[in-house]
Structure formats: structure tokens, C-alpha cells
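Below is one structure; the comments refer to it alone.
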Amino acid sequence: MSVTESIIDGQNVINGVDVTALSETLEAVGAKPELAQFQFRNANKWIGGSLNRSTIKGFYGAGQEDTTRTTAYEFYADEPSVLLGEDQGANPVEYLLHALASCMTTTIVYHAATRGIRIDALESNIEGDIDIRGFTGIASDVPKGYREIRVNFQVKTDGD
């Protein structure tokens, strides 16, 4: 058995995902759709200039407030100096790319695991194009966010 497939405490694990628990979770949600409702939260505080901090801890899911997290996650966002920041953290649109890449990666891994497809390696590159004239209000005909986002995945697997 490889790193991507193993049996842990009688559970079938593929790609680090407990496929048995995932299947049981999906069955429970199918039988009781209200369990699928989640609310994630982020508290943000402006520190100064373009620097701000987000704190993430609690969330609601599977029919109840989650109490398993004992530590909050903190993320600092700033702008690079060319955008008048002090570069003390990734900027918000870079976090958006991180969130998108992470979401897509997790989705690929979970779907592959439920289909019994082992993934030996998975990497991605993501880039997005923004014209800052949009969100600065300089040009009303320019979109205020990403014009285009491109993602490229490299997957090593024995699956199709």
C-alpha cells in the first residue's frame, strides 16, 4: 500500500481521506438535507494603511455550532509597496487565488478518493488579471475585479 492508500483503524483511506467516513457523511446529508447548511465567519480589523487582520475560529455546520476548534486562525493582508502598502502579508486578491486553488485542490482530492482514484501528487498554478483602473474608479468601463483567472493542475495518478 502506498502513502495515498491505507487502512487506518479499519477505515479505508485514499489520498489521506477517510472514504468510509466521507461516504457516511454524504449518506447522512442525503437523508437529512439541513445538515448540508454551513455558515463560515471571518472577523476583520483594520490596523492601519492597507494592513488588516482577519480572525477565523467558529462556524456553524452539520446542524450545530462547531466547538472543535480551540485556536483561532489569523491572516494579515496588506498591499505591496507599488500599491502603497508595506507588504506585510498577501493582498486580498492573492488570498482569493489561494482560496480558489485550495478549494479546487480539496474538491479534486475528495472526488478522486470517493471514486477509488489514488493521487500521488497534485500541484496547481493559478493567476488572475486585474486592471486597477476598475476598483480605483479611474475607468468606469473596466471591471472592478479579476477579468480572467487561469488555473493549471499537474496531477500524478494511475487513474484516467
Side-chain angles (χ1 to χ4, degrees), residues 2-5 13-19 21-22 25-26 29 35-62 64-115 117-160:
S2 70
V3 171
T4 58
E5 182 177 11
V13 176
I14 300 174
N15 304 331
V17 177
D18 182 338
V19 178
L22 179 57
T25 298
L26 295 176
V29 169
L35 294 177
Q37 303 305 310
F38 280 72
Q39 180 187 73
F40 294 99
R41 304 180 198 108
N42 175 27
N44 186 274
K45 182 176 182 178
W46 173 62
I47 297 170
S50 59
L51 182 64
N52 59 88
R53 177 186 65 238
S54 286
T55 304
I56 298 171
K57 187 175 180 189
F59 68 92
Y60 177 90
Q64 61 189 353
E65 189 67 24
D66 179 77
T67 59
T68 60
R69 284 187 179 159
T70 58
T71 304
Y73 300 106
E74 289 189 342
F75 304 92
Y76 288 86
D78 200 354
E79 294 291 341
S81 59
V82 70
L83 292 175
L84 308 176
E86 295 184 14
D87 208 15
Q88 295 184 45
N91 74 11
V93 295
E94 291 169 318
Y95 274 114
L96 181 64
L97 294 178
H98 163 68
L100 182 57
S102 299
C103 183
M104 293 171 72
T105 298
T106 301
T107 300
I108 289 169
V109 169
Y110 278 30
H111 280 272
T114 62
R115 289 167 176 76
I117 299 169
R118 291 180 306 279
I119 295 175
D120 297 314
L122 175 60
E123 295 182 18
S124 66
N125 293 296
I126 186 168
E127 55 189 24
D129 302 327
I130 292 179
D131 183 334
I132 67 169
R133 294 177 301 155
F135 71 82
T136 59
I138 293 172
S140 61
D141 62 331
V142 175
K144 291 180 173 40
Y146 281 112
R147 281 191 330 264
E148 186 175 309
I149 295 175
R150 292 169 301 284
V151 183
N152 183 329
F153 279 93
Q154 299 86 41
V155 183
K156 182 179 177 188
T157 180
D158 60 356
D160 294 336

Practice prompt. Return the minimal non-hydrogen interatomic distance between Y76 and R53, and the atom names on each side.
Written response: OH-CD, 3.3 Å
Worksheet item: At what distance, to the nearest 0.5 angstrom, does CD of E148 lie from CD of E127?
Response: 9.0 Å
Worksheet item: Is any side-chain heavy atom of R118 less than 4.5 Å from a side-chain heavy atom of N15?
Response: yes
Practice prompt. Give a yes or no on whether the backbone of D87 and the side-chain of D78 come within a donor-acceptor separation of less than 3.5 Å.
Written response: yes
Practice prompt. Could you check if a side-chain atom of L84 sits within less than 4.5 angstrom of a side-chain atom of E79, using non-hydrogen atoms only?
Written response: no
Worksheet item: If you count the non-hydrogen atoms of other residues, nucleotides and ligands that lie under 6.0 Å from OH in Y146, is the total more than 12?
Response: yes
Name the atoms and distances for all side-chain donor-acceptor pairs under 3.5 Å in residues 131-143, with sequence neighbours left out.
{"unit_1": "D131", "atom_1": "OD1", "unit_2": "R133", "atom_2": "N", "d": "3.0"}
{"unit_1": "D131", "atom_1": "OD1", "unit_2": "R133", "atom_2": "NE", "d": "3.0"}
{"unit_1": "D131", "atom_1": "OD2", "unit_2": "R133", "atom_2": "NE", "d": "3.1"}
{"unit_1": "D131", "atom_1": "OD2", "unit_2": "R133", "atom_2": "NH2", "d": "2.5"}
{"unit_1": "T136", "atom_1": "OG1", "unit_2": "I132", "atom_2": "O", "d": "2.7"}
{"unit_1": "T136", "atom_1": "OG1", "unit_2": "R133", "atom_2": "O", "d": "3.3"}

Discussion item. If you compare all heavy atoms of I119 against all heavy atoms of A112, which two are closest, and at what distance to 0.1 Å?
Written reply: CD1-CB, 3.7 Å
Worksheet item: Would the number of heavy atoms belonging to other residues, nucleotides or ligands and lying under 6.0 Å from OH of Y73 be above 12?
Response: no
Worksheet item: With a 4.5 Å heavy-atom cut-off, do K45 and T55 have their side chains touching?
Response: no
Item to complete: Give the minimum heavy-atom separation between W46 and L51, together with the two atoms involved.
Response: CD1-O, 3.5 Å
Discussion item. So, taking the atom named CD1 in I130 and the one named CZ in R147, what distance separates them when rounded to the nearest 0.5 Å?
Written reply: 9.0 Å
Discussion item. Test side chain to side chain contact (heavy atoms under 4.5 Å, CB included) on N152 and R150; report intermediate values, then the result.
Written reply: CA-CA 7 Å; N152 183 329; R150 292 169 301 284; over 6 Å; no
Practice prompt. Starting at CG of D120, measure out to CG of D158 and round the result to the nearest 0.5 Å.
Written response: 6.5 Å
Worksheet entry | Rounded distance [0.5 Å steps], OG in S54 versus CD in E74 | 9.5 Å
Worksheet entry | Heavy-atom pair of closest approach, residues V29 and A36 | CG1-CB, 3.7 Å
Counting only pairs under 3.5 Å, give me each side-chain donor-acceptor contact of residues 97-108, with atom names and distances, residues two or more places apart or in other chains.
{"unit_1": "H98", "atom_1": "ND1", "unit_2": "S102", "atom_2": "OG", "d": "3.4"}
{"unit_1": "S102", "atom_1": "OG", "unit_2": "H98", "atom_2": "O", "d": "2.8"}
{"unit_1": "T105", "atom_1": "OG1", "unit_2": "A101", "atom_2": "O", "d": "2.8"}
{"unit_1": "T106", "atom_1": "OG1", "unit_2": "S102", "atom_2": "O", "d": "3.0"}
{"unit_1": "T107", "atom_1": "OG1", "unit_2": "C103", "atom_2": "O", "d": "2.8"}

Item to complete: Only counting residues at least two apart or in another chain, list the ones meeting side-chain hydrogen bond (donor to acceptor under 3.5 Å, both in side chains) with E86.
Response: Q88
Fill in: Side-chain touch N42/F75, heavy atoms, less than 4.5 angstrom
no
Discussion item. Return the OG1 to CZ distance between T68 and F59, rounded to the nearest 0.5 Å.
Written reply: 5.5 Å
